[in-house]
Amino acid sequence: MAKRKSAATRKYWLFKSEPSCYSIDDLERDGTTFWDGVRNYQARNMLRDEIQPGDRVLFYHSNADPMAIAGTCEVVKPGYPDHTAFDPASDHYDAKSNPDKPTWFMVDVKLLKKFKQPVTREVLKECEALQDMMLLRKGSRLSIQPVTVEEWQAVHKLAGVKA
DNA sequence: GCCAACGTTGGC
DNA sequence: GCCAACGTTGGC
């Protein structure tokens, strides 16, 4: 699998997590983690086929107070089978999935930056440059979403951080 | 292949 | 806690 190394070919994404499940503070503690538990085919396809080492990720806290982009991370390992699907003890267990023919995939990410001031959903909604952002569309439930470079930059501007 | 019923997500 | 949007399931 070819690695993306240059900024020119880098892609940008947004990953959602409920902080009660896994937060940016957990990632700060761990440094690197595997992004398990995605059980949606559209998101799976991105994890398996599109997301590459060197790609950048906005870390979004969903179902939280406040809902916010809490920081960023970098993909360090491309898609590989999500072993939690085979573990009956896991919350993400999928009885129908088969280790010989994995259905669900995950990637590894490492923390890049925890924003000192998380960029809240409220602030995102007010930003002119983010009016088309998938995250802000009504009924948008995908937990893995593509982000444009312009959106990536706009979020950093709001965070007061160099992109 | 259609579609109603159901379960989940996630903002409000 | 509510409920709209969405994905999945299963009967036909």
Side-chain angles (χ1 to χ4, degrees), chain A residues 11-30 33-51 55-73 75 79-109 111-148 150-161:
Chain A
K11 292 193 180 179
Y12 299 90
W13 310 92
L14 178 143
F15 289 7
K16 291 183 195 172
S17 180
E18 302 195 11
S20 60
C21 177
Y22 195 86
S23 74
I24 193 106
D25 292 323
D26 294 319
L27 183 57
E28 187 174 43
R29 178 198 63 213
D30 297 340
T33 193
F34 50 86
W35 202 270
D36 65 311
V38 175
R39 298 291 179 267
N40 168 283
Y41 286 101
Q42 220 181 321
R44 184 282 307 271
N45 292 345
M46 290 188 271
L47 288 170
R48 188 188 57 188
D49 306 331
E50 295 186 51
I51 300 175
D55 286 1
R56 300 288 162 91
V57 176
L58 297 170
F59 192 130
Y60 179 73
H61 283 169
S62 65
N63 255 323
D65 188 19
M67 290 172 279
I69 294 172
T72 60
C73 32
V75 178
Y80 62 105
D82 178 347
H83 59 79
T84 66
F86 315 128
D87 177 6
S90 168
D91 288 343
H92 308 303
Y93 178 59
D94 176 10
K96 284 180 291 187
S97 71
N98 172 2
D100 295 327
K101 220 180 140 210
T103 305
W104 306 116
F105 285 73
M106 61 187 180
V107 299
D108 287 359
V109 298
L111 181 70
L112 270 187
K113 208 170 284 182
K114 176 183 165 182
F115 291 156
K116 287 195 182 67
Q117 195 65 48
V119 184
T120 65
R121 184 177 184 86
E122 200 174 357
V123 167
L124 294 170
K125 280 196 291 191
E126 284 166 5
C127 177
E128 196 63 38
L130 296 175
Q131 291 314 299
D132 292 330
M133 196 176 191
M134 189 182 291
L135 178 72
L136 302 178
R137 292 212 271 269
K138 195 177 173 186
S140 165
R141 299 194 333 188
L142 254 194
S143 63
I144 304 285
Q145 304 181 352
V147 166
T148 66
E150 291 81 9
E151 289 164 347
W152 175 268
Q153 288 164 351
V155 168
H156 280 74
K157 198 169 173 185
L158 292 171
V161 168

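Throughout, a chain's letter reflects where its sequence line sits, starting with A, and its residues are numbered from 1.
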Could you work out, with ring-ring contact (aromatic ring centres under 6.0 Å, His included) as the rule, every residue matching [X], not counting sequence neighbours?
{"X": "A:F15", "answer": "A:W35"}
{"X": "A:F34", "answer": "A:H83"}
{"X": "A:F115", "answer": "A:H156"}

*Write out all pairs satisfying ring-ring contact (aromatic ring centres under 6.0 Å, His included) with one or both partners inside residues 119-139 of chain A, taking only residues at least two apart or from two chains.*
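Sorted pair list comes back empty.
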*Between protein and nucleotides 5-12 of chain B, map the contacts as a letter string: B base, S sugar-phosphate only, - none, heavy atoms under 4.0 Å, written 5' to 3'.*
--BBBBBS
*asked:* Tell me which pairs pass side-chain hydrogen bond (donor to acceptor under 3.5 Å, both in side chains) where either residue lies in residues 93-106 of chain A, with sequence neighbours left out.
replied: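 Non-adjacent pairs meeting side-chain hydrogen bond (donor to acceptor under 3.5 Å, both in side chains): A:D94-A:W104.
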*Give every residue pair that meets the side-chain hydrogen bond (donor to acceptor under 3.5 Å, both in side chains) criterion with at least one member in residues 118-136 of chain A, sequence neighbours excluded.*
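The answer is A:Y60-A:R121.
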Show me, pair by pair, the donor-acceptor contacts under 3.5 angstrom made by side chains of residues 62-71 of chain A, not counting sequence neighbours?
| residue | atom | partner | partner atom | Å |
| --- | --- | --- | --- | --- |
| A:N63 | ND2 | A:E18 | OE2 | 3.1 |

*Taking five pairs at each end, how big is the angle between the two axes of the helix from B:dG1-C:dC12 to B:dC12-C:dG1, to 10°?*
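Here the local axes at opposite ends form an angle of 10°.
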